[in-house]
Amino acid sequence: MSQRIIIHIDLDYFYAQCEETANPSIRYKPVVVCVYSARTEESGVVSTSNYEARKFGVRAGIPIVRAKKLLESTSAVFLPMNRPLYESVSQRIMALIQSYGDSFEKSGVDEAYLDISEGSRGNYDSAETIASKLKQAILSEAHITCSIGIAPNKLLAKIASDYVKPDGLTVVKPKQVQDFLKGPVNRIPGVGTKIEERLKQLNVRTVDELARLNPIILNEVFGKSLGGYLFRAARGEDNEPVRDRILPTQLSRISTLKRNTSDFRIIRPVLRDLTQSVVESLKGKELSCKSVSIIGILSDLSIHTRSATLDSATTDSRLIIEVAERLMQQFLESRSQANLRRVGVKLSGLSKLSGQTNIKAFFSTS
DNA sequence: GTATGCTTTCGGC
DNA sequence: TTACGGCCGAAAGCATAC
């Protein structure tokens with residue numbers, strides 16, 4: 001099997017860039033896309049911001065009130081999330097990306113992998129040309145910039161796309177892998193503050209230090225799966241194929257309560273609305289679900305879930321609501337002091353509805 | 001022993 | 001220094017089946 005060439009495309013500061021494209025007059029101002037909660041006028045967090053806002057320290061996850069303070073001397077624009085807008089921009093771009101390669105994998109609203117081994121015939125100059133044309137196409141069709149990484153596998157392509165941004169194009173040829181991996185450990189996808197901290201205890205701060213670590217120690221500290229992943233990642237090794245993700249694996253809804261409570265009479269209608277909404281989405285995608293979960297986030301921001309598996313896959317909103325309510329009631333009873341801040345519901349074990357039709361069609365045509 | 005399935009938690013964006 | 005969302009996918013941890 002010849003060497004693969006994989007590209008990873010990351011749409012730059014995506015939600016905020018969609019807002020800039022929809023309204024170009026805000027382009028040179030700090031733009032902050034916010035998730036407002038129902039709690040107070042200003043409560044909520046920053047979903048994402050453009051680079052102008054990032055200069056002031058405004059980034060994803062910080063409270064909106066804090067972002068306002070950081071930007072009070074500027075003409076910053078604060079906008080609520082407009083998910084349907086981002087979804088439609090994403091759809092158009094994903095279709096474009098898919099047409100530039102062999103196998104395609106969407107890995108989020110703003111990210112995708114593309115296997116261009118055939119299209120480039122394994123040649124990195126050809127690969128770079130394809131990637132440049134793709135960037136140009138996305139820019140002229142959707143007015144969105146992106147950062148692309150080109151590499152022999154998904155892991156390195158992902159790291160590479162993050163190396164120069166926004167509007168970057170980074171190539172990592174097989175021979176350059178060792179040099180490319182000289183950076184801090186958090187350059188590896190999946191290594192956040194937690195793993196970084198544990199590695200620091202082992203005196204490991206960079207990827208090449210990680211590569212020199214004894215694999216037995218790695219497995220002892222992180223377990224077989226994560227340990228094995230870190231061992232290979234430190235060497236730039238990854239064999240994961242680029243594959244179409246046909247079905248989502250879960251659908252969920254969550255919202256913040258007006259005020260903290262443990263009173264089921266207040267939580268119930270909220271849970272009901274969330275469940276109705278997620279079931280609508282389930283049906284819209286022609287899916288059924290086998291498991292129902294509830295999510296409770298307490299006043300201390302700790303996260304708790306409870307779930308149940310059904311006898312058979314369903315789309316019946318009455319049944320799903322019944323199960324969700326029972327799970328929530330049981331959770332509240334099991335922790336009578338639980339002070340809920342946020343409530344959510346999740347459907348999983350998803351499968352495509354109307355399998356029957358397809359099987360009939362299969363037998364009648366074969 | 002290994003495979004499989006289920007519940008819960010974790011981390012990215 | 002406090003402040004604090006709404007999603008997603010994946011894996012840990014456990015139980016049960018073969």
Side-chain angles (χ1 to χ4, degrees), chain A residues 10-18 32-49 54 58-70 80-84 86-87 90 105-112 158 161-162 165 186 188-198 222-230 240 243 245-257 260 270 274 277-278 281 289-311 327 330-331 334 341-350:
Chain A
D10 194 331
L11 305 176
D12 297 323
Y13 61 101
F14 186 55
Y15 295 174
Q17 203 184 353
C18 287
V32 186
V33 177
C34 303
V35 194
Y36 291 98
S37 75
R39 185 140 303 212
T40 65
E41 191 75 10
E42 302 273 82
S43 78
V45 298
V46 171
S47 178
T48 192
S49 58
R54 290 182 199 186
V58 172
R59 53 199 82 245
I62 71 169
I64 293 164
V65 285
R66 195 175 148 203
K68 294 221 157 161
K69 276 183 193 144
L70 290 166
M81 285 246 278
N82 181 356
R83 218 179 268 275
Y86 318 142
E87 288 293 343
S90 172
E105 177 175 341
K106 176 176 166 168
S107 59
V109 69
D110 62 346
E111 279 183 45
K158 167 105 176 147
S161 71
D162 203 45
K165 64 182 192 184
N186 66 13
I188 296 171
V191 177
T193 49
K194 284 229 164 132
I195 293 173
E196 202 176 352
E197 201 48 48
R198 284 156 76 189
F222 295 99
K224 205 173 147 215
S225 173
L226 181 55
Y229 170 74
L230 291 173
E240 289 302 305
R243 59 183 158 82
R245 292 192 195 178
I246 312 146
L247 301 178
T249 64
Q250 58 180 238
L251 295 170
S252 64
R253 291 293 182 275
I254 188 165
S255 74
T256 302
L257 297 167
N260 297 355
V270 178
L274 292 169
S277 166
V278 76
S281 165
C289 70
K290 192 83 190 332
S291 308
V292 178
S293 314
I294 58 98
I295 304 150
I297 294 163
L298 307 187
S299 50
D300 64 358
L301 300 182
S302 62
I303 301 168
H304 305 265
T305 68
R306 293 291 182 271
S307 66
T309 297
L310 310 172
D311 293 334
L327 288 167
Q330 285 171 352
F331 172 67
S334 72
R341 181 186 178 89
R342 302 166 67 199
V343 173
V345 61
K346 181 178 88 172
L347 307 181
S348 57
L350 307 182

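Computation of the quantities below employed the complete heavy-atom set of this structure, encompassing side-chain atoms and omitting hydrogens, waters and symmetry-equivalent molecules. Within every chain, numbering begins at 1; the chains are lettered A, B, ... in the order of the sequence lines, protein sequences first and strands thereafter.
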Using atom [atom1] of [X] as one end and atom [atom2] of [N] as the other, report the distance to the nearest whole Å.
| X | N | atom1 | atom2 | result |
| --- | --- | --- | --- | --- |
| A/Ile295 | C/dC7 | CD1 | P | 9 Å |
| A/Arg253 | C/dG6 | CZ | P | 12 Å |
| A/Arg341 | C/dG6 | CZ | C1' | 14 Å |
| A/Asp110 | C/dC7 | CG | C1' | 12 Å |
| A/Leu298 | C/dC4 | CG | P | 15 Å |
| A/Met81 | C/dC7 | CE | C1' | 8 Å |

If you assign each of A/Gln250 and A/Leu226 to its closest nucleotide in DNA chain C, which residue comes earlier from the 5' end? A/Gln250

Nearest nucleotide by nearest heavy atom, which residue falls closer to the 5' end of DNA chain C, A/Ser252 or A/Lys69? A/Lys69

Below 4.0 Å from chain A heavy atoms, what is the first contacting nucleotide of DNA chain B and what is the last? B/dC6 to B/dC13

Examine C/dG5: is either OP1 or OP2 under 4.0 Å from a nitrogen or oxygen in the side chain of A/Ser47? Give yes or no. no

Taking only side-chain nitrogens and oxygens of A/Arg83, does any of them come within less than 4.0 Å of OP1 or OP2 of C/dG6? no

Assess the side chains of A/Thr305 and A/Ser293: does a donor N or O sit below 3.5 Å from an acceptor N or O? no

Earlier contact from the 5' end, DNA chain B, for A/Ile195 and A/Ser307: A/Ser307

